[in-house]
Amino acid sequence: MTEQSLPLAAATRQISLNGASGPSGVACTVATPESERRWQGPDAAERNGILEKARSIAIVGASANPSRASYFVATYLLQSTNYTVYFINPKESEILGHPVYKDLASLPEVPDIVDVFRRSSAIKSVADDAAAVGAPVLWIQLGIWDDDVAEYSESLGLEVVMDRCIKIEHARFHQGLHLFGFNTGVISSRRAR
Amino acid sequence: MDKQTFDFATRAVHAGLIPDKATGARALPIYESAAYVFDNSDDAAARFALRKYGEIYSRIVNPTVAALEERVASLEGGLGAVATASGLSAQFITFIALASQGDEVLASSELYGGSITQLDITLRRLGIDTKFIDSDDPQDYAAAITERTRFIFVEAVANPSGHIADIEGLAAVAHAAGIPLVVDSTVATPYLLRPIEHGADIVVHSATKFLSGSGTVLGGVVVDSGTFHWGQERFPEFFKPVAAYNNLTWSGNFNEYSFLTRLRAEQLRDVGPALSAHSAFLIAQGIETLPLRVQRQVENTREIAEWLEQHPQVESVNWAGLETHAQHDRALKYFPNANSGSVFSFTIKGGRAAGKIFIDSLNLLSHVANIGDVKSLAIHPASTTHAQLSAEQLREAGIEEGTIRLSIGIESAKDLIADIAQALETSTQGDAPHSVEQR
Ligand SMILES: Cc1ncc(COP(=O)(O)O)c(C=O)c1O
């Protein structure tokens, strides 16, 4: 059983949302400590819904350096999912054999998710660009938590996911996390697809 | 999609096990395969580099073992788990993930004998220095922490003394110093106590005991809460580029998932104590009935402990569920109805000689070096499980010459009490039982 992209039948799955399922503790110096957080992000079921609906993902701040998180995410998305992946970085021309676009406006289509790998202070302007092209979801990488950025992005009409890794979240609902012994929170008596 | 939370008993049966994609098999399939074919070279490279979740080789990942891992993680309220070939190997890979040569460990002196020797002899030979703390007071741990200390290790309920650790107090002390609290929760079981809820960071189990439940297999599990903040000074390994994986850093790439990803991709890979698929199946199946078994075991234990306490031949009963026990308040705080597990000790009058006769006179309780079985078990620790320890270590571990350890099973309490009663009776007569040879 390998991991081809096997879209999860969302309606048949029940996602347990007890404490056991939702990894929320984050050990990262750039993030606001959990106790001081104001904004509330989508829960596991809602995150799965976002991933289910999307067909294309634009990686803003994509890197050609294999040790960077964005590179990990890109290889995962290209190899383990059916998403159309776009790369955005004004300083790069090719990543993993794919063309790199200079900004969101240059893409051939409106991406369903804008996945940002930029420092906190640069994210508001990415949110502006995402809203300008009409992208519905802004996904901010694991390790970054900024209440202001999240609230600002929502005020532009964007749905926001923050401090989550899109690779990990996809794998949570598609057996990848399960295979590595992680608690996916998925309980179901239906045959896996 | 329903937003539903599932109770412990439901998760004990279902967590980690979605019916098999290939066949619809309702039971957990046993995937006996050392290796797995790759789709192509790119796929193989991505799996090796951890850029993709996938099977490579069963030392690192196996689908049957994964089901067990997720189940235990769910029951403990953890982020995830890594299963191993035994409880001691679960501890070993955890310890060496956290500490290196020149580092220090603080551990309770009340531990399973094999855990004491693992720390005191084997890890010491590797240059990791364990200080054993013969105190129940978290402040005594705080006072022993130095800048080389890497973690605190205790048993939630100590084997065999039955003493309960102050997990909350120890977690506060550990976190104030920037180190994690590692708890061996083998005797407590997640049904009775979930250390992560009280601040523990990492939980280890000997799955050989209550999780599998019938004394059939060896196994271990490491569960991580995912909430510990790995500081750069004490835990530089989380921040250094890892050459074997394209110079990623564990913390940078995996964040809250870093400890478990590293434990699997480095310590499990390099030390190699993988759990077999067949053993994982037996343990995962055992866990399905964990709530039923352990509930019955603590009910039996209460009946037997209360009966023993009244017996003239018994000096003391070390079960914190008893109102007379010094730790009863702690039992009330950490355990439902103060039922602090089904492994406990009592001390028989007449010391070592009476203890030997008692053990040799049992006909229903089995004389074995194990705990957590559905069959009731008894042993004399001073001459067996803890025989490696010095007189002082024995005393520090809460073991006297006449101490008997019991692990109460799911038989009828009436029958167990009858067996214990006749063995106590024989032990007062001071003769070796003739029945042993005749049985
Ligand atoms: C409390 C405790 N921890 C750890 C272990 C070691 O486990 P294993 O025998 O599975 O290696 C034992 C075994 O007796 C134990 O009782």
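Order of the sequence lines sets the chain letters (A, B, ...), proteins ahead of strands, with each chain counted from 1.
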Ring-plane angle category for [X] and [Y], please: parallel below 30°, perpendicular beyond 60°, tilted otherwise.
X: B:F238; Y: B:W230; result: parallel
X: B:H175; Y: B:F228; result: tilted
X: A:H98; Y: A:F87; result: tilted

Checklist entry - Looking at A:P42 and A:V161, what are the two nearest heavy atoms and their distance? => result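 Shortest heavy-atom contact: CG-CG2, 3.8 Å.
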
Does any heavy atom of chain A fall under 4.5 Å from the side chain of [X], the backbone, both, or neither of them?
X: B:D224; answer: neither
X: B:A265; answer: neither
X: B:F254; answer: both
X: B:T249; answer: neither
X: B:R194; answer: neither

Between [options], which shows the greatest number of heavy-atom pairs under 4.5 Å with chain A?
options: B:T23, B:I196, B:N62, B:I60; answer: B:T23
options: B:A81, B:A46, B:P241; answer: B:A81
options: B:E69, B:E197, B:R26; answer: B:E69
options: B:L17, B:L50, B:T10; answer: B:L50

Checklist entry - For atom CD of A:Q40, is the number of surrounding heavy atoms from other residues, nucleotides or ligands below 6.0 Å larger than 12? => result no

Next on the checklist: Quick check: do A:C165 and A:W139 have side-chain heavy atoms less than 4.5 Å from each other?
Outcome noted: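 Answer no - side chains too far apart.
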
Item to check | Polar side-chain atom of B:S185 near backbone of B:A188 as donor-acceptor pair, under 3.5 Å | outcome: no

